[in-house]
Undergrad: 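Pasting a structure below so you can have a look.
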Amino acid sequence: MEKTATNIETSLRSVNEYIAAELGAIDPEVFDFKKYPFSFMGKAARARFTLLMAGALGAEQAVAEKAAAAAELTHTASLLHDDCIDLARYRRGLPTLYDQLGVNSAILIGDIMFAMAIECAGRAAPDLQESLVRAVKRMAEGALIEENSRGKKISAGAAEKIVTLKTGALFRWCALAACRLAGKPQLLADCARLGEEAGAAFQIIDDVLDFEGDAGACGKETLKDIKEGKFTLPLILALNDAKAGPEAEKLLAAVKAGPEADLAPALDLAELVRKGGFSGGARRIAAEKLRDLFLVTDKFPRTEEAAALKDFLLALGARTA
């Protein structure tokens with residue numbers, strides 16, 4: 001396991017260097033990334049997942065690093081757009097590019113990064129470009145469904161669809177890319193399921209952290225989902241509870257009716273969700289999704305790397321930031 005961990009960290013450094021080189025090659029008149037403090041890789045969960053999948057399946061490390069870089073570029077591009085939609089000022093512990101440069105520049109830089117991601121995927125394997133385009137389309141579909149649902153009470157099933165598309169689609173691509181690069185077509189269906197479910201679970205935990213997390217530790221604003229009228233799984237569980245539901249409804253109405261600067265109703269609602277066990281309930285749903293995936297990882301040919309992948313999946317479900 002120690003050797004696997006060392007290899008992953010070495011590969012992540014290579015991915016980071018690759019992304020920095022790609023950004024550094026952009027004409028400074030277009031965008032000089034060195035001028036703006038922003039993390040273009042963040043926690044690198046998608047890159048790490050890609051590399052762990054590739055290792056467990058037996059793919060070549062160098063091409064897996066290209067796929068991992070494509071995944072991170074895609075994710076960061078989507079965040080640049082998300083920050084414009086959400087008017088977010090803080091991301092990965094730093095001011096967003098939306099905050100620093102304005103909505104127009106942030107959107108256009110995101111577009112450039114999407115294009116860079118597709119080019120990068122083609123350097124790993126030409127056929128990965130088309131599948132990445134499809135994944136980006138699914139991500140946008142999920143984000144649009146979420147946008148269309150703002151302020152509307154939705155079901156747990158509808159919330160599941162959003163997280164599966166918005167986040168699961170890119171994790172799914174990461175898993176399928178690793179499988180393709182390893183030359184294991186018999187495992188494509190299993191890898192697709194693993195990636196999609198891992199991504200959905202990752203997003204559920206992200207939604208939990210909007211209620212539980214500390215802004216400094218998370219590197220972004222918390223309580224944003226509540227304030228923006230997004231109905232994520234922890235809140236849906238509270239609203240569907242016979243005892244807590246009426247109080248949650250009352251607090252939601254207060255959040256909607258009150259001035260934006262008044263955080264008291266949102267803080268009270270977050271406390272209800274936490275103390276009522278609803279954020280914990282969402283965590284258990286995510287953890288169950290992740291544990292079910294061990295039946296898939298047990299099929300992978302490299303046992304040490306598969307064990308490291310299992311540890312990563314467990315860590316996804318347990319994270320607090």
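Predicted model, so just to flag it, every value in this text is computed and none were measured. Below, each value reflects all heavy atoms present in this structure, side chains not excepted, and no hydrogens, waters or symmetry copies.
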Undergrad: Should the pair Glu160-Lys289 be classified as a salt bridge under the 4.0 Å nitrogen-to-oxygen rule?
TA: yes

Undergrad: Test side chain to side chain contact (heavy atoms under 4.5 Å, CB included) on Leu316 and Phe49; report intermediate values, then the result.
TA: CA-CA 10 Å; Leu316 284 188; Phe49 176 65; 5.8 Å; no

Undergrad: Verify salt bridge (charged side-chain N to carboxylate O under 4.0 Å, His left out) between Glu9 and Arg48, making sure each step is shown before the conclusion.
TA: CA-CA 9 Å; Glu9 295 307 317; Arg48 190 179 295 274; 2.8 Å; yes

Undergrad: Could you check whether any side-chain heavy atom of Phe40 comes within less than 4.5 Å of a side-chain heavy atom of Leu73, counting everything from C-beta outward?
TA: no

Undergrad: What residue among Lys250, Glu249, Lys243 forms side-chain contact (heavy atoms from CB on, under 4.5 Å) with Glu247?
TA: Lys250

Undergrad: Please round to the nearest 0.5 Å and tell me the distance separating atom CG of Leu194 and atom CG of Leu290.
TA: 9.0 Å

Undergrad: I need the Lys310 NZ to Leu293 CG distance, nearest 0.5 Å.
TA: 11.0 Å

Undergrad: Would a 4.5 Å heavy-atom cut-off, applied to side chains only, mark His75 and Leu79 as touching?
TA: yes

Undergrad: Run the side-chain donor-acceptor check on residues 131-145: report pairs under 3.5 Å with partners two or more places apart or on a different chain.
TA:
unit_1, atom_1, unit_2, atom_2, d
Ser131, OG, Leu128, O, 3.0
Ser131, OG, Trp173, NE1, 2.9
Arg134, NH1, Glu130, OE2, 3.2
Lys137, NZ, Glu141, OE2, 2.7
Arg138, NH2, Glu196, OE1, 3.1

Undergrad: Students often mix this up, so state it plainly: with edges at 30° and 60°, are the rings of Phe31 and Tyr36 parallel, tilted or perpendicular?
TA: parallel

Undergrad: Does Asp206 come within less than 4.0 Å of Arg319, counting only side-chain N to carboxylate O?
TA: yes

Undergrad: In Å, rounded to the nearest 0.5 Å, how long is the span from CZ of Phe171 to CG of Leu176?
TA: 13.5 Å

Undergrad: What's the spacing between Ile85 CD1 and Leu80 CG if we round to 0.5 Å?
TA: 11.5 Å

Undergrad: Using a distance-only test with no angle check, is there a side-chain donor-acceptor pair under 3.5 angstrom linking Thr167 and Arg172?
TA: no

Undergrad: For Met53 and Cys174: C-alpha separation, side-chain torsions, deciding distance, then whether side chain to side chain contact (heavy atoms under 4.5 Å, CB included) applies.
TA: CA-CA 8 Å; Met53 284 288 300; Cys174 294; over 6 Å; no

Undergrad: Between Cys84 and Ala106, which heavy-atom pair has the shortest distance, and what is it?
TA: SG-CB, 3.5 Å

Undergrad: Tell me, do Phe231 and Arg150 make a side-chain contact under 4.5 Å, heavy atoms counted?
TA: no

Undergrad: Might you work through the salt bridge (charged side-chain N to carboxylate O under 4.0 Å, His left out) test for Lys224 and Asp86, ending with a clear yes or no?
TA: CA-CA 8 Å; Lys224 278 190 69 65; Asp86 297 336; 5.7 Å; no

Undergrad: From Leu209 CG over to Ile204 CD1, what is the distance, rounded to the nearest 0.5 angstrom?
TA: 12.0 Å

Undergrad: Of all heavy-atom pairs between Leu12 and Met41, which one has the smallest distance, and what is that distance?
TA: O-CE, 3.6 Å

Undergrad: Just wondering, are more than 12 heavy atoms of other shown residues or ligands nearer than 6.0 Å to NZ in Lys184?
TA: yes

Undergrad: Output all residues satisfying side-chain hydrogen bond (donor to acceptor under 3.5 Å, both in side chains) with Arg193, sequence neighbours left out; order by chain, then residue number.
TA: none

Undergrad: Does a side chain donor of either Gln61 or Ser11 reach within less than 3.5 Å of an acceptor in the other side chain?
TA: yes

Undergrad: Kindly indicate, with the supporting measurements, whether the criterion salt bridge (charged side-chain N to carboxylate O under 4.0 Å, His left out) is fulfilled by Asp207 and Lys230.
TA: CA-CA 10 Å; Asp207 295 339; Lys230 294 180 182 178; over 6 Å; no

Undergrad: Could you check whether Glu22 pairs with Arg123 (Lys NZ or Arg NE/NH1/NH2 to Asp/Glu carboxylate O, under 4.0 Å)?
TA: yes

Undergrad: With the side chain counted from C-beta on, respond yes when Arg91 and Leu97 share a heavy-atom pair under 4.5 Å apart, and no when they do not.
TA: no

Undergrad: Could you measure the distance from the OG1 atom of Thr96 to the CD atom of Gln100? Nearest 0.5 Å is fine.
TA: 7.0 Å

Undergrad: Is any side-chain N of the basic residue among Glu146 and Lys166 closer than 4.0 Å to the acidic one's carboxylate O?
TA: yes

